[in-house]
Amino acid sequence: MTDYTADEMMTVAAARALTDGSVCFVGIGLPSTAANLARRTHAPDLVLVYESGTIGSKPATLPLSIGDGVLADSADSLVSVPEIFNYWLQPGRVDVGFLGAAQLDRFGNINTTVIGDDYRDPKVRLPGAGGAPEIAASCREVFMIVRQSPRAFVERVDFVTSLGFGTGKGDRERLGLKGRGPQLVITDLGVLRPDPDTCELTLTQLHPGVDLATAKAKTGWDLRVSPDLVTTERPTDQELAALRDLTA
Amino acid sequence: MTDYTADEMMTVAAARALTDGSVCFVGIGLPSTAANLARRTHAPDLVLVYESGTIGSKPATLPLSIGDGVLADSADSLVSVPEIFNYWLQPGRVDVGFLGAAQLDRFGNINTTVIGDDYRDPKVRLPGAGGAPEIAASCREVFMIVRQSPRAFVERVDFVTSLGFGTGKGDRERLGLKGRGPQLVITDLGVLRPDPDTCELTLTQLHPGVDLATAKAKTGWDLRVSPDLVTTERPTDQELAALRDLTA
Amino acid sequence: MATIAPLAQAVSQVVHDGDTVAFEGFTHLIPFAAGHEVIRQGRRDLTLVRMTPDVIYDQLIGAGCARKLVFSWGGNPGVGSLHRFRDAVQNGWPTPLELEEHSHAGMANRYVAAASGLPFAVLRGYMGTDLPKQTANIAPITCPFTGEVLTAVPALRLDSAVIHAQRADRKGNVQLWGITGVQKEAVLAATRSLVTVEEIVDELEPRPGAVVLPSWVVDYVAEVPNGAHPSYAHDYSTRDNDYYQRWDEISKDRESFRTWLEGVA
Amino acid sequence: MATIAPLAQAVSQVVHDGDTVAFEGFTHLIPFAAGHEVIRQGRRDLTLVRMTPDVIYDQLIGAGCARKLVFSWGGNPGVGSLHRFRDAVQNGWPTPLELEEHSHAGMANRYVAAASGLPFAVLRGYMGTDLPKQTANIAPITCPFTGEVLTAVPALRLDSAVIHAQRADRKGNVQLWGITGVQKEAVLAATRSLVTVEEIVDELEPRPGAVVLPSWVVDYVAEVPNGAHPSYAHDYSTRDNDYYQRWDEISKDRESFRTWLEGVA
């Protein structure tokens, strides 16, 4: 069996989470790599939607940006940016919103705005919201792919750019959000899912060779662990070949 | 000189009112005939916009309906129906809205909804509003082309489908309408313009061979006449040839 | 993913008694064949929705399929009035027809709101007209930033939408071009949708001005060549203007209409 | 009708000191050449508007042209951060930069409202986020029909808009295709507009997916082949990804940026 990196395991695990035939609103970077890997492996009819207005893109090479020509040329339908948000994302037509994050907290809230507690005088100015607040609000469910570290996985995000479960169960419903929120966080160490009772992100899966102590150490909050913790199946040779072909 | 009908005089007079290079939102029927005649005579760069979403149509033959293929094929730009109303009409980009009417009153209010004073039990059910209420509200000015008769030119319309000057001067401003309202009503007998002080439609022009008594008799209100009443120039041979070629 | 099915089956799956349903099209691509199938299937109590109800709506109304019409302009384009529509409104024949009446801008924005998953839309519309007196579905709304008062209309959510298009591929992706009106919005505003097409092809090659509706927002596709007749399908057929003229005669009295109706069934 | 003019003249007519100005584009068709001309002309106190401010905005900010940025995502796409943007926000260099921050959906709808002549737009957005705490330009609005509370954002009226397109004809009609983003809305939202184009042609033959802006809503057209470089123009050029990588190095410190800036002037 082929050797692989932690990032490769993460991307493969993320790709596996996408069901064939479902519709995925794809953020650039790791989510796009995972979604395109899924299309090349078990989910050839996965529908990729990018916020640049491309619906049903089937890129032959991995796009570097959200606005690559290959996304337009291979799309079933190409629409304006206002239309992609208003007609396609907002009404809840999309099954999965697939996002990255600079900071993430135990309730799946996302920060991509500022590090530090003063918005007007930040320690680090991040790129900002992009499409994420409405992707996180409107998709039937949200998957995230984030490398695990105490800096990224924090007790409470410095700034809520995109809402996960807010302060816990019931917040999304109170705000009238239709989507179910973050249902899956795939990291380089394992997979977290919201606890059905509290919505707190809970470790339910460890990738092969990763020990629980590492996962806890790389989490900035007191990580809860599922009693049914399982080990991820390692990437198959076919998955790795497809991924390496894609990112070559 | 060639003989001509009253309808031909009306259409020629209406065409002459359109300035070359201006943008005209065109209703189907008489307005469309006049606008297309203008394009073929003195206003080759008149921009025709139809509510079906065609911008800059240059039809080689007169369209029978607002959605004829010739309007689409010859357009500079073809957009959706929501876009034509929201991006093109509503912001006041259009110079002239060119409308017909079933009923018109002394303040230029238009009725195309019902004849009779009970909306729920009308004497005659007319087609309804179509695009006219917002054309009348949003274009910089409105031209109308209507055959004159006491049934059509009434003291007060049974139903205000599209606003002219309401009950008189100041009503449009109070409602926040940006367009200047009906500035020209071209009929088979002459031309009416709003009085600058009262906004009441006033006869300013008679077509050749029409006498004032006829114009008054064919008006359902006590028609005011401008002290500077002039006679319309009769259609030129070139105008008639172009019109007959268009409607052949 | 859309199911490709024969017309009768597709119509029976998509259009149900009591539905709020739109057969959309702006002169171009009117889904006449699907409308006639609805008449054959004897649908009742429909709330018919359309910006420009024309001859197919006159036929549906005359056949007794409708209890209400939501619209902005009802006529026989280029010809005149709709006699069955008038007979229903003025005389309640064959059944009374409730009306909800808007402007084109209002209707277009109601579709946009529904397609956008919003409960309402805002426009500069209806100001100074008598239209707001006749329906609760036109209301003032104040801009929270400038204080300006504008007009709100509620989203026009449909149970079902039926449109005609030039083409679909075998996966059910739909392509239409020429004047495309509010057809995209109608499909996106509906719980169930049916698209009749001139032809089903292997590949939808890109066309200037084409709207493509991906298969996953369409429920049924039925191949019905000339399914827009007497309307037209840009680059496939031309408008049968004589039919519209003849309809004026046929529809003028109830007897000649009844004879026509027997011919449909 | 649009005036066809050389770039320097067109920029000086369209972009003035103190303007609220957008140079729009969604990765594709970014009007870099026009942005560099604005730097050369020494414009000051601009409120820069864009959904995705990227390298050209980093350059304008570093050159001291801007006092405020209205945006939803600021980064070097595919590479990382914008260092001049960060330096301005974190250290006020070369001048402080005020921020007004939105989501993409909010910005897109603000453009739509302005293009539509409305004072505000309504969306399902920003709910539960910290964004509304940082600007007065996000407010709740209640549906007059259902009572549901949604979010309103004000129209994004521009003094000037600059975009790049593939083609114009000699009358100044503009044609762009591929990913067209919010470019139509930006032009329609602006009092003055400039479109740089790859080429001016006799006739705009129809293209699949093309947006055509008629000449009468465009003020200036300037022929600037490769005017989107290092961005790309679909069917004319490809994205110069190396430039974006190099920019990361150049922009990291003030000295190397100054050297770059001298090269522009």
Side-chain angles (χ1 to χ4, degrees), chain B residues 28-29 50-54 63-69 71-73 78-86 89-91 109 111-114 119-138 157-164 166 171-172 174-178, chain C residues 25-29 51-52 71-82 85-86 89-90 99 101-109 111-112 115 123-131 133-134 148-150 177-185 208-209 211 231-232 234-235 238-239 241 244:
Chain B
I28 208 67
Y50 288 84
E51 65 191 16
S52 53
T54 69
L64 183 73
S65 86
I66 211 95
D68 275 23
L71 296 176
D73 279 334
L78 185 55
V79 302
S80 75
V81 162
E83 182 178 325
I84 202 76
F85 284 101
N86 288 348
L89 177 65
Q90 181 168 265
N109 302 301
N111 175 16
T112 55
T113 302
V114 286
Y119 172 82
R120 299 280 149 198
D121 185 18
K123 276 191 220 150
V124 184
R125 175 65 233 192
L126 300 169
E134 287 76 22
I135 295 172
S138 298
V157 289
D158 293 337
F159 189 98
V160 179
T161 312
S162 304
L163 191 73
D171 272 18
R172 292 182 67 88
R174 271 189 292 279
L175 290 164
L177 303 183
K178 289 175 180 175
Chain C
F26 215 84
T27 307
H28 179 217
L29 291 174
M51 293 183 63
T52 53
F71 77 114
S72 39
W73 190 90
N76 183 340
V79 178
S81 296
L82 295 176
F85 162 64
R86 275 196 173 178
V89 174
Q90 297 177 197
L99 296 186
E101 194 161 0
H102 288 270
S103 66
H104 277 354
M107 284 290 282
N109 277 292
Y111 277 121
V112 168
L123 73 156
R124 295 185 183 281
Y126 301 98
M127 285 290 184
T129 76
D130 287 337
L131 291 161
K133 293 174 193 153
Q134 303 301 336
E148 195 182 352
V149 178
L150 296 109
W177 63 88
I179 289 167
T180 55
V182 290
Q183 280 98 309
K184 179 188 274 192
E185 287 77 12
V211 165
S231 162
Y232 73 106
H234 207 120
D235 293 329
T238 54
R239 194 166 185 268
N241 291 322
Y244 287 87

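Throughout, protein chains are lettered first and strands after them, A, B, ... in sequence-line order, and every chain is numbered starting at 1. Excluded from the calculations below are hydrogen atoms, water molecules and symmetry mates; all remaining heavy atoms, backbone and side chain alike, are included.
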### Message
So for Arg239(C), is it side chain, backbone, both, or neither that comes closer than 4.5 Å to the heavy atoms of chain B?
### Response
side chain
### For chain C, the option from Arg172(B), Arg174(B), Lys178(B), Glu83(B) that forms the most heavy-atom pairs under 4.5 Å
Lys178(B)
### Query
Stepwise, does the side-chain contact (heavy atoms from CB on, under 4.5 Å) test hold for Leu131(C) with Phe159(B)?
CA-CA 8 Å; Leu131(C) 291 161; Phe159(B) 189 98; 4.0 Å; yes
#### Entry: Nearest atoms (heavy-atom pairs only) where Met127(C) meets Leu177(B)
CB-CD2, 3.7 Å
### Message
If you count heavy-atom pairs within less than 4.5 Å of chain B, which of Pro208(C), Ser103(C), Gly178(C) leads?
### Response
Ser103(C)
### Query
Any donor and acceptor pair, going by atom type alone, linking the side chain of Tyr126(C) with main-chain N or O of Pro133(B) inside 3.5 Å?
no
### Message
Less than 4.5 Å to any heavy atom of chain C: does that hold for the side chain of Val157(B), its backbone, both, or neither?
### Response
neither
### Query
Does the side chain of Lys133(C) reach to within under 4.5 Å of the side chain of Tyr119(B), using non-hydrogen atoms?
no
### Task
Pick whichever of Met51(C), His102(C), Gln90(C) has the most heavy-atom pairs under 4.5 Å with chain B.
Gln90(C)
### Summary
Honestly, the part of Glu185(C) sitting under 4.5 Å from a heavy atom of chain B is side chain
## Note on the structure
The interface call for Leu64(B) against chain C, heavy-atom contacts under 4.5 Å, is both
### Query
Between Gly166(B), Pro63(B), Gly176(B), Ala129(B), which shows the greatest number of heavy-atom pairs under 4.5 Å with chain C?
Ala129(B)
### Task
Side-chain contact test, heavy atoms from C-beta onward, threshold under 4.5 Å: evaluate it for Pro127(B) versus Trp73(C) and give yes or no.
yes
### Message
Less than 4.5 Å to any heavy atom of chain B: does that hold for the side chain of Leu82(C), its backbone, both, or neither?
### Response
neither
### Message
Let's test your reading of the structure: which of Pro77(C), Ala108(C), Gly128(C) forms the most heavy-atom pairs below 4.5 Å with chain B?
### Response
Gly128(C)
### Query
Thr238(C), Leu99(C), Thr129(C): which one forms the most heavy-atom pairs within less than 4.5 Å of chain B?
Thr129(C)
### Glu134(B), part contacting chain C, at a heavy-atom distance under 4.5 Å
side chain
### Message
Given heavy-atom pairs under 4.5 angstrom as the criterion, report whether the side chain, backbone, both or neither of Tyr244(C) touches chain B.
### Response
neither
### Query
Are Thr54(B) and Ile179(C) close enough that some pair of their side-chain heavy atoms sits under 4.5 Å apart?
yes
### Query
Which one, Pro122(B), Ser80(B), Gly69(B), Ser162(B), leads in non-hydrogen pairs under 4.5 Å with chain C?
Gly69(B)
### Query
Of the backbone (N, CA, C, O) and the side chain (C-beta and beyond), which part of Phe71(C) lies under 4.5 Å from a heavy atom of chain B, both, or neither?
side chain
## Note on the structure
So, the part of Asn86(B) with a heavy atom under 4.5 Å from chain C: the answer is side chain
### Message
I'd like to know if the side chain of His234(C) pairs up with that of Asp73(B) as donor and acceptor (distance under 3.5 Å, no hydrogens or angles considered).
### Response
yes
### Query
With only heavy atoms counted, which part of Phe26(C) is less than 4.5 Å from chain B, the side chain, the backbone, both or neither?
both
### Message
Need one label for Ser81(C): side chain, backbone, both or neither, based on atoms under 4.5 Å from any heavy atom in chain B.
### Response
neither
### Gln90(B) (side chain) donor-acceptor with Arg124(C) (main chain) under 3.5 angstrom
yes
#### Entry: Gly67(B) versus Tyr232(C), closest heavy-atom pair with distance
O-OH, 2.5 Å
### Query
Which one, Arg86(C), Gln134(C), His28(C), leads in non-hydrogen pairs under 4.5 Å with chain B?
Gln134(C)
### Task
Under 4.5 Å heavy-atom distance to chain B, tell me which part of Met107(C) shows up: side chain, backbone, both or neither.
neither
### Query
Are any of the side-chain heavy atoms of Thr113(B) and Asp130(C) separated by less than 4.5 Å?
no
### Query
Atom CG in Leu78(B), atom OG1 in Thr180(C): separation rounded to 0.5 Å?
6.5 Å
#### Entry: When Gly78(C), Gly181(C), Gly25(C) are compared by non-hydrogen pairs under 4.5 Å with chain B, the top option
Gly181(C)
